Peer 1: 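I am attaching a structure below and will ask some questions about it afterwards.
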Amino acid sequence: MIKAENIVYEYIRRDEEGNVEGIDRVLDGISLDVQTGEFIAVIGHNGSGKSTFARNLNRLLTPTEGSLWIDGLNSDDMENTWKIRQSTGMVFQNPDNQIISSVVEEDVGFGPENMGVPTDDIWKRVEDALNAVDMIKYRSYSPNKLSGGQKQRVAIAGVLAMHPKCIILDEATAMLDPQGRLETLQTVKALNKMEKITIILITQDMEEVIYADKVFVMDHGKITMSGTPREIFTNEEALKECQLDLPQALKLANELRKEGIDITEGLLTAEELVDAICQLY
Amino acid sequence: MLRDITIGQYYPADSIIHRLDPRVKLFFVFIYVLSLFMFGNLVSYCLATILLVVAIYYAKIPVKFLIRGFKPIFVLLIFTTFMKLFITDGTVWFKLWKFTITKEGVIDVIHILVRILYLIIASSLLTYTTTPTRLTDALEQVFKPLNKLKVPVHELTMMMSIALRFIPILVEETDKIMKAQSSRCMNFSSGNILKRIKNLVPILIPLFVAALRRADDLALAMESRCYQGGEGRTKMRILKYKRQDFFVYILLAIYFVFSLIIHLLL
């Protein structure tokens, strides 16, 4: 689905006369391979380059160096812009700033309208997309009347209506309350399972990483670690170096183990931990 | 106070007026306003009043909601009326110290009041009963011929619909900024006018910055959803006239012709 080979992205800072003041290398030689239907998480602290990476995937930016194929399309080619944007949908951080229309269903139809889908087909797509995120009840609502999690689900529906193969969530849960976060994550997980849509979840929150098939840790524009969540979390020291923290359940398990309580390694969720503790006695 | 601004907002309800084709409503308001300013006689005002009352009744919009929309312009209205009332020359009716009220003044004021009030009611009825998207769809359709003159009709209507969508968000933001500044001992409600205007600066600057940031985000979001201008774009809703739309057109024509005849006769 996505194949990146050594991609580099540089922001060029200019002074007021337009002279080059300095070059920021935000992505520094990233190579990765994502298969169709995978649930990928990309984590990293602020300024690690993960958002820039996401924007490259959607051809909002194009790599300065290296090559990037998305769904078999070379992102270097101008002509592929719209195809790439259609096949990889993007959900952004601020729910208010990505909803274009004043009515939910019209916003969901915005993408298909842009793609030139025939009218009847748009309505079918809108209905299917709203059903998939369980927002069909709110189809004629104004987005201003929805909660953050609901807005984000509408945004996901807006992407879904374009029939993408991959959805990129660029810190889409960062501005939500715990409830909204849960709603959004569950929606995304269901889409990954049922519709086999590739998910790329970009986040700072370790708790969200747990559900991914594969995790990439980014730091200073490089991928410093990759593997399943369990593999990543065993290496606490390396994570600390990237200014990242372990999920709470895992931290607690580690602390308990230090105190001499025998808890199996590799527990990730609170439920697993509770089970493990219950089995002790 | 800011929440009182209802101009340009949609009032969701299921009424005959809501279901009318937006183009019909657009033409109706245009011709109606034109007639208000063209014909200034008692009979035509009566006709206009009847039409407006009927429209409000069928639109199922609470009168309270309608009146709330006036509040922001109320001061302006009173100001213009008083100015006009006292400075118009003509037959003196009433004199108090240096102020004189003339017959012409009173008549002028009535004209202004009726015209402005009806203009606002009619145009807010249009936005109350039509979703912004439908309104902009109508505008795009009506002004489509201008495309040939290289007028970017689609882009302009897109801008308008986005502006309408962001009004409530920016109002909320203004509220938040005002509270944030108040909590740092900013006083917005005292001092002379000059001071009050000066006090607006710490509200406006953060508001502009935030609005620009939003615009940037929105542009990215639109681009990532394949937005590439009006070309090759299909529409979710295609406007089609129905029976009731033609009926309203006929009604409008009768009203206009009738007013015109009375105007010419008087």
Side-chain angles (χ1 to χ4, degrees), chain A residues 51 54-55 57-61 81-126 140-145 155 158-162 164 167-168 170, chain B residues 3 8-14 18 127-128 130-137 140 154 157-173 176 210-240:
Chain A
S51 274
R55 278 166 201 192
L57 294 182
N58 200 2
R59 216 186 176 283
L60 289 171
L61 302 173
T81 307
W82 307 112
K83 274 189 216 151
I84 289 176
R85 288 194 187 154
Q86 184 262 317
S87 66
T88 57
M90 185 119 151
V91 180
F92 295 85
Q93 185 175 20
N94 189 330
D96 277 322
N97 296 356
Q98 54 184 317
I99 293 180
I100 290 115
S101 175
S102 313
V103 183
V104 166
E105 58 183 3
E106 285 173 7
D107 183 71
V108 176
F110 181 74
E113 279 185 331
N114 291 334
M115 287 155 55
V117 175
T119 304
D120 295 335
D121 216 20
I122 296 180
W123 282 99
K124 206 187 158 309
R125 281 178 179 222
V126 168
S140 57
Y141 275 54
S142 155
N144 296 325
K145 299 238 153 55
V159 167
L160 266 185
M162 295 165 70
I167 298 180
I168 305 160
D170 185 5
Chain B
R3 283 175 202 285
Q9 292 304 85
Y10 175 65
Y11 182 85
D14 187 30
H18 279 77
T127 53
Y128 287 156
T130 323
T131 61
T133 346
R134 273 171 65 78
L135 196 60
T136 44
D137 275 355
E140 198 176 339
H154 167 79
T157 50
M158 191 68 177
M159 271 153 64
M160 191 180 131
S161 76
I162 289 173
L164 284 172
R165 145 120 179 87
F166 276 87
I167 287 174
I169 292 175
L170 289 178
V171 166
E172 211 173 284
E173 197 137 279
K176 240 189 251 167
L212 287 176
R213 198 162 292 155
R214 273 182 199 282
D216 200 33
D217 273 6
L218 191 75
L220 263 184
M222 285 169 75
E223 261 195 78
S224 85
R225 279 163 78 181
C226 294
Y227 183 70
Q228 39 193 317
E231 237 170 282
R233 205 162 181 271
T234 44
K235 289 255 138 217
M236 213 171 156
R237 296 180 201 275
I238 294 168
L239 297 173
K240 238 188 227 148

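Every chain is numbered from 1 and lettered A, B, ... according to where its sequence line falls, protein lines coming before strand lines. The shown structure was predicted, so the numbers you read here are calculated from the model rather than taken from an experiment.
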Peer 1: Rounded to the nearest 0.5 Å, how far does CH2 of A/W82 lie from OG of A/S87?
Peer 2: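 It is 13.5 Å, given to the nearest 0.5 Å.
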Peer 1: Which bit of A/L60 comes within less than 4.5 Å of chain B, counting heavy atoms only: side chain, backbone, both or neither?
Peer 2: side chain
Peer 1: Got a second to check how far A/E113's CD is from B/Y227's OH, nearest 0.5 Å?
Peer 2: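 Separation between the atoms: 10.5 Å.
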Peer 1: Out of A/G158, A/P164, A/G89, which one racks up the most heavy-atom pairs below 4.5 Å with chain B?
Peer 2: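 The residue among A/G158, A/P164, A/G89 with the greatest pair count is A/G158.
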Peer 1: Given that the side chain runs from C-beta out, which part of A/I99 has a heavy atom under 4.5 Å from chain B: side chain, backbone, both or neither?
Peer 2: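 It is both, since atoms from each part get that close.
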Peer 1: What residue, out of A/T119, A/T81, A/D121, has the most heavy-atom pairs lying under 4.5 Å from chain B?
Peer 2: A/T119
Peer 1: Check whether B/L220 gets within reach of chain A through its side chain, its backbone, both or neither, counting any heavy atom under 4.5 Å.
Peer 2: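 Contact with chain A: backbone and side chain both.
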Peer 1: Just verifying a value: how many Å separate A/M115 CE and A/I122 CD1, rounded to the nearest 0.5 Å?
Peer 2: 9.0 Å
Peer 1: For the CD atom of B/E231 and the CG atom of A/N114, what is their distance to the nearest 0.5 Å?
Peer 2: 13.0 Å
Peer 1: Using heavy-atom distances under 4.5 Å, tell me whether B/T131 contacts chain A through its side chain, its backbone, both, or neither.
Peer 2: side chain
Peer 1: With salt bridge (Lys or Arg N to Asp or Glu O under 4.0 Å) as the rule and sequence neighbours excluded, what pairs involving residues 90-109 of chain A come up?
Peer 2: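 Matches after skipping sequence neighbours: A/D96-A/K151, A/E105-A/R139, A/E105-B/R237, A/E106-B/R237, A/D107-B/R225.
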Peer 1: Mind ranking A/V117, A/V91, A/V159, A/V103 by heavy-atom pairs under 4.5 Å with chain B and telling me who comes out on top?
Peer 2: A/V117
Peer 1: Enter the distance from B/T157:OG1 to B/I162:CD1 here, rounded to the nearest 0.5 Å.
Peer 2: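 These two atoms lie 10.0 Å from each other.
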Peer 1: Please look at A/R55 and chain B and tell me whether the side chain, the backbone, both or neither of the residue comes under 4.5 angstrom of a heavy atom of that chain.
Peer 2: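 Looking at A/R55, just its side chain touches chain B.
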Peer 1: Heavy-atom distance under 4.5 Å to chain B: side chain of A/F92, backbone, both or neither?
Peer 2: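 Side chain only.
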Peer 1: Tell me which of these, A/Q98, A/Q93, A/R59, has more heavy-atom pairs under 4.5 Å with chain B than the rest.
Peer 2: A/Q98
Peer 1: At a heavy-atom distance under 4.5 Å, which candidate from B/A215, B/A221, B/C226 has the highest pair count against chain A?
Peer 2: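 Answer, by heavy-atom pair count under 4.5 Å with chain A: B/C226.
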Peer 1: Using only heavy-atom distances, determine whether the side chains of B/R214 and A/N97 contain a donor-acceptor pair under 3.5 Å.
Peer 2: yes
Peer 1: Any chance you could measure B/R165, atom CZ, to B/I167, atom CD1, to the nearest 0.5 Å?
Peer 2: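 Between atom CZ of B/R165 and atom CD1 of B/I167 there are 11.5 Å.
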Peer 1: So what's closer than 4.5 Å to chain B heavy atoms on A/M90: side chain, backbone, both or neither?
Peer 2: both
